[in-house]
2 protein chains.
Amino acid sequence: MRADAQRNRDRIVEVARPLIRARGIDAVSMDEIAKAAEVGPGTLYRHFPTKEALYDAVLEAWILQVNDVVDKALTSGTPREQLLSWLSSYVELLTAHKGGAARITASLGDPGSPYATKCDTYLNANKRVLDRLTEAQAIRPGIDAMQMCRLVGGVAAVADNSELEVAAITPMLDVLADGILVR
Amino acid sequence: MRADAQRNRDRIVEVARPLIRARGIDAVSMDEIAKAAEVGPGTLYRHFPTKEALYDAVLEAWILQVNDVVDKALTSGTPREQLLSWLSSYVELLTAHKGGAARITASLGDPGSPYATKCDTYLNANKRVLDRLTEAQAIRPGIDAMQMCRLVGGVAAVADNSELEVAAITPMLDVLADGILVR
DNA sequence: ACCTGAACACCGTTCAAGT
DNA sequence: ACCTGAACACCGTTCAAGT
């Protein structure tokens with residue numbers, strides 16, 4: 001890729017990210033992004049074939065954090081604390097990208113989605129947590145990673161959509177944790 | 001309202017319902033609905049000031065069923081069976097209206113939303129279930145109706161969005177029930 | 001190779017003109 | 001009072017013309 005093209009691409013993503021984070025993807029038009037990045041709409045579409053693809057690129061920074069968050073969650077504490085640490089970090093991470101939770105959760109299991117890579121990352125993160133807690137014999141039988149993905153994604157989407165504060169999210173995650181762990 | 005206007009209004013809703021149920025509201029245009037109902041777009045907008053308002057009217061039939069579903073759920077069984085009966089009926093009810101769960105859940109607590117009435121119905125339904133289970137001393141402390149609304153709405157939205165079958169939904173509702181009930 | 005910007009198609013919504 | 005349908009504004013996307 002030519003240097004100027006690379007610069008354009010980077011600038012588009014950098015400019016789009018705060019716009020989308022603040023107002024949600026549906027409230028930001030491709031034209032507005034193109035203008036803010038000082039390129040023509042054609043250039044935008046040369047780098048990102050659809051609006052979804054651009055949003056996927058904006059979410060890219062997210063991926064890097066997921067595994068760190070899992071590492072941190074699993075370093076110490078009781079199984080319940082580890083699980084809750086993961087759940088709350090994940091919800092916090094995704095509600096920082098308006099609409100991200102709903103999109104990723106909705107794309108789970110659809111390999112054709114532009115978010116497929118992110119779904120995989122998310123699924124693997126849940127698998128890691130699940131494996132660890134299974135070793136500790138803390139997981140209720142019959143629970144798999146996909147279910148966890150959907151449950152947590154559902155809560156994250158609700159939290160994101162309704163712009164809930166932490167105080168409103170915590171009790172819901174408690175309910176999930178109680179349901180996921182052995183009694 | 002003039003008789004012909006009433007007929008038009010009714011026809012619009014009847015025609016719109018199956019279209020929206022089958023394909024989701026975003027995939028059905030107002031023009032298509034107007035054409036199917038054999039009215040001009042202006043007539044559509046005379047009866048429903050926005051597309052959201054039309055969707056709200058389409059969801060109207062839903063309301064009538066919610067209370068019946070609660071009645072049925074609370075007639076017999078252990079507290080856990082009653083809760084699960086309510087949860088699964090609710091999810092089934094709302095996934096029959098593509099996009100309905102997400103919209104109602106997202107509007108919870110927003111009195112300005114066109115879905116405010118439906119939110120109230122939904123909140124009250126959860127309150128009824130919660131009160132009954134509280135009498136039976138089956139509810140974990142710190143759980144209120146709004147949280148239940150959001151948790152169940154989140155699962156319903158995920159189920160709807162991903163078009164999950166009952167077999168995939170049941171274990172998620174089990175997790176919720178385990179989290180909501182006393183251990 | 002990459003960029004520009006006019007143009008297209010589609011869709012929610014409005015409104016002047018009719019009955 | 002209610003209806004019609006042309007028209008508007010907006011937006012995702014494309015493409016012929018340029019460098």
Side-chain angles (χ1 to χ4, degrees), chain A residues 1-59 98-100 102-103 106-107 112-115, chain B residues 1-59 98-100 102-103 106-107 112-115:
Chain A
M1 172 143 35
R2 240 166 53 182
D4 57 341
Q6 183 67 57
R7 261 198 315 273
N8 272 338
R9 205 201 119 101
D10 293 346
R11 191 148 32 85
I12 288 169
V13 176
E14 271 161 41
V15 153
R17 202 195 320 272
L19 288 174
I20 292 175
R21 275 200 192 173
R23 283 151 47 198
I25 226 206
D26 291 338
V28 184
S29 75
M30 290 299 262
D31 252 30
E32 181 179 354
I33 292 169
K35 252 165 210 145
E38 295 176 315
V39 296
T43 304
L44 198 48
Y45 278 88
R46 158 164 266 269
H47 291 292
F48 307 100
T50 63
K51 195 181 187 183
E52 295 273 287
L54 171 59
Y55 188 59
D56 184 62
V58 164
L59 272 185
K98 258 199 152 311
R103 259 158 237 261
S107 308
S113 150
Y115 307 110
Chain B
M1 173 140 39
R2 238 162 59 180
D4 56 342
Q6 182 68 57
R7 262 198 315 273
N8 272 338
R9 204 202 119 99
D10 293 347
R11 193 149 30 84
I12 289 169
V13 175
E14 270 161 42
V15 155
R17 202 194 323 272
L19 288 174
I20 292 175
R21 275 201 193 175
R23 283 153 46 199
I25 225 205
D26 290 339
V28 184
S29 74
M30 291 298 262
D31 252 32
E32 182 179 353
I33 292 169
K35 250 164 209 146
E38 295 175 315
V39 296
T43 305
L44 198 46
Y45 278 87
R46 157 163 268 269
H47 290 293
F48 306 100
T50 63
K51 197 181 187 184
E52 294 276 286
L54 171 60
Y55 187 59
D56 184 63
V58 164
L59 273 184
K98 258 196 151 312
R103 258 158 238 261
S107 308
S113 149
Y115 308 110

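Chain letters run A, B, ... following the sequence lines, proteins first, then strands; residues in each count from 1.
Taking atom NZ of K35(A) as the reference point, atom C1' of dC11(D) lies 11 Å away to the nearest angstrom. Distance, Q6(B) CD to dC3(D) P: 11 Å, rounded to whole Å. Whole-Å rounding puts the D31(B) CG to dA7(D) P distance at 14 Å. If you take CG of N8(B) and P of dA1(D), they are 17 Å apart, rounded to a whole angstrom. For R9(A) and dC3(C), the CZ to C1' distance is 17 Å, given to the nearest whole Å. Atoms CG (L44(A)) and C1' (dT13(D)) sit 10 Å apart, rounded to a whole Å. The nearest whole Å value for the distance from the CD1 atom in I33(A) to the P atom in dC10(D) is 17 Å. Remark: C1' of dT14(C) and CZ of F48(B) are 18 Å apart, rounded to the nearest angstrom.
Both D26(A) and G42(A) sit near DNA chain D, but only D26(A) has its closest nucleotide nearer the 5' end. Along DNA chain C, the nucleotide nearest R2(B) and the nucleotide nearest M30(B) are compared for position; the residue whose nucleotide lies closer to the 5' end is M30(B).
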Requested in this report: For DNA chain D, produce a single dot-bracket line, 5' to 3'. Pairs: Watson-Crick or G-U wobble, both distances under 3.5 Å. Symbols: ( ) within strand, [ ] crossing, | other strand, . unpaired.
Outcome: ||.|||||...|||||.||

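In this model, the phosphate group of dC2(C) is not approached by any side-chain N or O of H47(A) to a distance below 4.0 Å at OP1 or OP2. Distances shown here put a side-chain N or O of Y45(A) below 4.0 Å from the OP1 or OP2 atom of dT13(D). Contact between the side-chain N/O atoms of R46(B) and the OP1/OP2 oxygens of dC2(D) is found at a separation under 4.0 Å.
The side chain of V39(A) has dT4(C) as its nearest neighbour among dT13(D), dT14(C), dT4(C). Nearest to the side-chain atoms of A5(A) among the listed nucleotides dC3(C), dG12(C), dC3(D) stands dC3(C). In this structure, of dC2(D), dT13(D), dC3(C), it is dC2(D) that holds the atom nearest to the side chain of D4(B).
Nearest heavy-atom pair across N8(B) and H47(B) is CB-NE2, 4.0 Å. The heavy-atom pair separating L44(A) from M30(A) by the smallest distance is CD2-O, 3.2 Å. A pairwise comparison of heavy atoms in V13(A) and F48(A) identifies CG2-CZ, 3.6 Å as the closest pair.
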Requested in this report: Apply the test salt bridge (charged side-chain N to carboxylate O under 4.0 Å, His left out) to residues D26(A) and R103(A): give CA-CA distance (whole Å), side-chain angles for both, the deciding distance (0.1 Å), then the verdict.
Outcome: CA-CA 12 Å; D26(A) 291 338; R103(A) 259 158 237 261; 3.8 Å; yes

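With a 6.0 Å radius and a threshold of 12 heavy atoms from other residues, nucleotides or ligands, E32(B) has its CD atom above the threshold. In Q6(B), the CD atom is crowded: over 12 heavy atoms of neighbouring residues, nucleotides or ligands sit closer than 6.0 Å.
For R46(B), the salt bridge (Lys or Arg N to Asp or Glu O under 4.0 Å) test picks out no residue, with sequence neighbours left out.
Within the nucleic acid shown, T43(A) comes within 4.0 Å of at least one base atom, counting heavy atoms only.
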